[in-house]
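Worksheet: the structure to be examined is printed underneath.
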Amino acid sequence: MAKLVLHPENIDDPQVLIDLCPFKAMEMTADGLNINAGCKMCKLCVRKGPKGAVEFVEDQVQPQIDKSVWNGICVYVDQVDGAIHPVTFELLGKAKDMAHVIDQPVQALLIGSNVSDLAHELLHYGADEVYVYDDERLDRFKIDAYTNVFEDFIQKHKPSSILVGATTIGRQLAPRVAARMKTGLTADCTILEMEDNSDLNQIRPAFGGNIMAHIKTPNHRPQMATVRYKIMNAPERKDEEEGIIIDCASTNSMVDSQIEVLDILKKEAEESIESADVLVVAGRGVKNESDLEMLQKLADLLHGKLACTRPLVENGFMSAKQQIGLSGRTVRPKLIITCGVSGAIQFTAGMDHSDQIVAIDMDPDAPIFKNANYGLVGDLYEIVPSLIEKIEAKKGVQNA
Amino acid sequence: MPNWTYHTIDENDVLNLRALIGEEQRMLWKEQISEDYSHDELGGTSSWPELVIKPVSANEVSAVMKYAYEHSIPVTARGSGTGLVGSCVPMEHGIILDLSLMNNILELDEENLTLTVEPGVLLMDLTAFVEDHDLFYPPDPGEKSATIGGNISTNAGGMRAVKYGVTRDFVRGLEVVLPNGDIVEFGGKVVKNSSGYDLKDLIIGSEGTLGIVTKAILKLLPLPKKTISLLIPFPSLEKAIQTVPKIIKSKAIPTAIEFMQKEVIEDAEEYLGKAFPDHQSEAYLLLKFDGNSQDEIERAYAKVADLCLEEGALDVLISDTAERDESIWKARGAFLEAIKGSTTYMDEVDMVVPRSYVNDMVEYLHSIQREVGLRIKSFGHAGDGNLHAYMLKDNLSDEEWEKRLNKAMDLIYAKARELNGQVSGEHGIGYAKKMYLKESLAKDNIDLMNGIKQVFDAKNILNPHKIAQL
Amino acid sequence: MNILVCIKQVPESNKVEVDPVTGVIKRDGAASKMNPYDLYALETAFRIQEKMGGVVDVISMGPPQAQEVIREAFAMGADHGILVSDRSFGGADVLATSYTLSQGIKSSGNYDLILCGKQTIDGDTAQVGAEIAEWLQIPSVNNVLEIKEVHDDSITISMDLPQEVEVAKISLPCLLSVDQDIFMPRLPSYVKKKATKDREIKVLSLKDMEDTDASHYGLNGSPTQVQRIFPPTSSKEKEMWDGSSAVLADQLFHKIEELKFV
């Protein structure tokens, strides 16, 4: 049992410890200095407090698990209706890199109905073993059934690490599986590194990205992590299939569910500009209403939305709902490309927390360039069509 | 009134002025001038300048004024152009001095608690800067992208006037360029001043007709650590507004007392695409309290909350976090744009009446909608009696709109006079409200104003046709 | 219908900094508030209660000060409050936190529906809800966009999936994590705040749990260990590009590609 023990004889000034604790867990009581339920066991008081003031006592050695029994880096294949979410390929690439360190196989776990084509596809992306639970009763994502199947796979094949895409499916399936296996799960990792002893170093942001935490799961297997889309790099698709497909059986009790799927709806297309990941913004530099088509096309190619500045609402080109700024909407997309926007404070106050800001404007002195990560001094009527062409060319190659 | 004649700017003037300014890109002539410079936010008054100059120092302003004075060229100062009555519109064309590049914060004096700024500093940048230093500049007009120079020129008020007063109460000193180009200082860092006529106070609210502010020394306060807002639903607007004098009498001083009605809230919801956190009532009071701790504020507002409940409030809702404040105040802040978005064109009145008559005025605005055939929406500062009413054009023809608007304006200002009110609470007179100023003030007042103008600007080159020049 | 909402007290701002030298979290002041995402769960509970009757209770885990957010829930209309608080719960990761809360829930009564917010603004994991459901062996759904129908033995909801929206009927009891903006949360009421100021909050410590083995809680019950915390390195660049339109378009294309937007 690990616990913190206070040694009053080594504490000259209790206030030092009270001030040190970031969680206000040190308090003065009638019995002197005490640690309350606010303690998060961060052990800061042990490391940074007066020498000998607080001691971390582990009076019982935990039974160590046999890590050699756990073998393989598993990637959960995120698929809905036969479409594999691209985060899956990114995770396969990461798993392959890490598998080299410990000489273990990369496993892909595929759950669904009529998914044999998908299984073959995975063999082009570096999976050594694809485990397939193909059952018509698993056609829709049902958390209880999928958790049961996941558990069956883990019990039988004992992967050492499991990577799950942090999609709306992965973010609910992974915790249920982790709790079922009574093991650790680290959400939204941005860096993953494998140690020789198969311990996984996981680094993730907390407090809205204001701090980073390095986390390990030293005495439990499997160790689990979720990773968001577009964090890792997807490997090139190989022409040849490599690896093997292993069919797994699902039982009635496994696929039984308390959830009945009634309907599948298309996502509403009319998404607000506030929720878009990518925004293309038309500014005063856009001369005619018909020129908006070009910017809309760029937005579509980047799976984003078209937004605008106030003058375009005032001259009737676009609606107030598409306006960014103090008198419009506040947005925080991952990428914003402003086209012909000079960057009045009225506008920038509504978008300056965007992750990546690209500005295209003729005037090198335009204030927008103070906010831009990438400032392009040039003519949007030449740059944008050329950019569209390049993106289309790339997409054309992919679809060919 | 004499008929002034002005010199039209020619190429020779442009060359001469360019020599004074140096950098070419800070001067715009003819087709280089964007349409923005011909109007302000509301756009009802329109007139193009011949030349736009963007000075970066008082010396440049002085040099331009000397030249303009010598050659009888009219000059109009402009900040962000967010005014609503045409104060920055150059009625006689001439030069616009766009002061937005003079946007440096010059000095924070923590010993005297003053901030010295150039006129082009935006209100939002100014407040963010002082709050970073745990200090507070209380005037809080809705338009945060206005410049401080513009705020001083209209004596802007805003939401916190109930407790803290208006812009005038926070200006200690001004550096001003006079029409002849002389640079003078009025007031200073001193807290008290009884050294003759207060020329600084004449400049505040003069809408650029007496001199051009090139530097301002502002008074600051320590920043209150915490604010809490109360959103109070009442069964009717009348009940809500009748409670306001009692709140003021109770001596618990909120920083703001606003009233809002369901229909304007609904416009804001539609405009922002975001729900308001309460829908149980037709009318609300919105109060804000500030202080140094949650406990202190809770003690202060408990008295007011109990009072409101005694007066028939349906409940008293507490907003004590940034998210909750955002859901309420963002809607409040969007009212003007939301109303604007709900119609084709609009005009406004910004009258102020004694606080005890706010309800009479609001009810009157409601009652004349049918009579004049216009939709009228209103909201405002119940705590200081400053009402904003908006007449909406909707689908009316221009001719019909003019007719009905004039009728509405006449009725509303007549009512304001009857209630001992004033034409403008915080937007100013500019060009658009001159007629109503004339009707509301005694001839002596107007004559004194024009006399002062004559003393400052005998050649009448600074922002002609504004305020009292009828 | 008896509904339980899980709420958490979080710092008023998530603008924390780490001292790069000592690795100590620097927190600006000590102000705290209810996790903003939990407000949506509470509002959802009240809306269901308005239709179906029953109670809306809240449960929180934390130090004694966390009673403040339970009082806030009372002022919004919650009926009863439970605080799970014990020094031995300290240092809990997701697994131990969800286990502790599930033990607290088991000791508090039978609930037809448990509601959680999407995530907290300090931990940011969005995992505790689903793990609670696993410990309680009830079905769960995340990213609930809409409550469509509520019956005594089931609830029909729509949930956000990567490419589509799924409508599903879930048998009760179950746990739902609702998305932001499912309903606009109501404001706390001064009237309710005064009326509930003396209402008792049930405090549960280790000894009140069904499982009193301290090794299952807190740091001891946590498989994950934080090795260290450190400030993020800012990767934001600021560049001005000059050149012909063709060159600029090419440069931008490669940047967008590198940032994985194509």
Side-chain angles (χ1 to χ4, degrees), chain A residues 1-2 22 35-41 44 80 85 143-144 167-168 171-172 175-176 179-180 183-187 206-218 220 230 258-265 267 278 302 335 356 373-379 382-383 386-387 390-391 394, chain C residues 14-16 18 25 27 63 85-87 90-91 94 121-122 124-127 130-131 134-135 139-140 142-143 160-171 214-215 219-220 223-230 232 236-242 245-246 248-249 252-253 255 259-262:
Chain A
M1 277 301 302
I35 301 175
N36 71 22
C39 175
K40 301 229 187 288
M41 295 288 270
L44 197 64
V80 176
H85 193 286
I143 196 161
D144 40 8
T167 65
T168 40
R171 283 169 77 99
Q172 52 189 318
R176 287 214 64 136
R180 179 81 52 95
T183 190
L185 166 63
T186 307
F207 285 94
N210 286 308
I211 60 172
M212 305 297 290
H214 174 189
I215 293 168
K216 280 172 79 168
T217 313
H220 289 74
K230 293 182 179 173
Q258 301 292 304
I259 298 171
E260 183 190 345
V261 177
L262 302 179
D263 204 357
I264 303 294
L265 306 173
K267 280 205 179 176
V278 177
L302 297 171
L335 172 67
Q356 298 287 351
N373 302 106
Y374 305 101
L376 283 67
V377 183
D379 185 351
E382 291 175 10
I383 296 171
S386 167
L387 179 63
K390 286 170 202 292
I391 298 172
K394 173 160 178 170
Chain C
N14 63 7
K15 287 188 186 67
V16 294
V18 185
I25 297 185
R27 284 199 183 177
S85 185
D86 195 300
R87 201 187 130 186
V94 171
I121 60 161
D122 52 354
D124 276 344
T125 69
Q127 294 175 164
E131 296 211 4
E134 177 60 33
W135 290 114
S140 62
N142 278 33
N143 301 100
D160 192 30
L161 290 185
Q163 313 294 346
E164 57 203 17
V165 172
E166 184 170 300
V167 180
K169 185 165 125 185
I170 303 112
S171 13
S215 70
L219 190 66
N220 303 298
T224 62
Q225 289 181 8
V226 177
Q227 305 292 302
R228 70 184 179 109
I229 53 174
F230 55 98
K236 276 214 172 178
E237 303 173 48
K238 265 198 189 307
E239 294 173 10
M240 286 293 280
W241 298 347
D242 244 325
S245 293
L248 289 174
L252 181 55
F253 173 70
K255 182 50 77 177
L259 295 170
K260 297 185 188 154
F261 289 102
V262 284

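Nothing here was measured: the structure is a model prediction, and the numbers come from that model. Chain letters run A, B, ... following the sequence lines, proteins first and then strands; every chain starts at 1.
When each of A:Gly184, A:Ala179, A:Cys39 is scored by its heavy-atom pairs under 4.5 Å with chain C, the top score falls to A:Ala179. Between chain A and the residues C:Val94, C:Leu161, C:Val226, the largest count of heavy-atom pairs under 4.5 Å involves C:Leu161. Across C:Pro63, C:Pro223, C:Ser245, the residue that shares the most heavy-atom pairs under 4.5 angstrom with chain A is C:Pro223. Of the listed residues A:Lys216, A:Gln258, A:Arg176, the one with more heavy-atom pairs under 4.5 angstrom with chain C than any other is A:Arg176. Between chain C and the residues A:Leu262, A:Asp379, A:Thr217, the largest count of heavy-atom pairs under 4.5 Å involves A:Leu262.
Between A:Leu185 and C:Glu131 there is a side-chain heavy-atom pair separated by less than 4.5 Å. Residues A:Leu265 and C:Val167 are in side-chain contact: their nearest non-hydrogen atoms beyond the backbone lie under 4.5 Å apart.
Heavy atoms closer than 4.5 Å to chain C are found in the side chain of A:Ile143, but not in its backbone. Residue contact with chain C, scored on non-hydrogen atoms closer than 4.5 Å, involves the side chain of A:Val80 exclusively. Contacts between A:Val278 and chain C at a heavy-atom distance below 4.5 Å involve the side chain alone, from C-beta outward. The contact between C:Asn143 and chain A is made entirely by side chain atoms (from C-beta outward), counting heavy-atom distances below 4.5 Å.
Within the model, atoms CD of C:Glu134 and CG of A:Asp144 stand 9.5 Å from one another, a figure rounded to the nearest 0.5 Å.
Under the side chain to side chain donor-acceptor pair (under 3.5 Å) criterion, A:His85 pairs with no residue at all, not counting sequence neighbours. C:Glu166 is linked by a salt bridge (Lys or Arg N to Asp or Glu O under 4.0 Å) to A:Arg140, counting only residues two or more places apart in sequence or in another chain.
A pairwise comparison of heavy atoms in C:Pro232 and A:Met212 identifies CA-CG, 3.6 Å as the closest pair.
Under the 3.5 Å distance criterion, the side-chain polar atoms of A:Lys390 are left unmatched by any main-chain donor or acceptor of C:Phe253.
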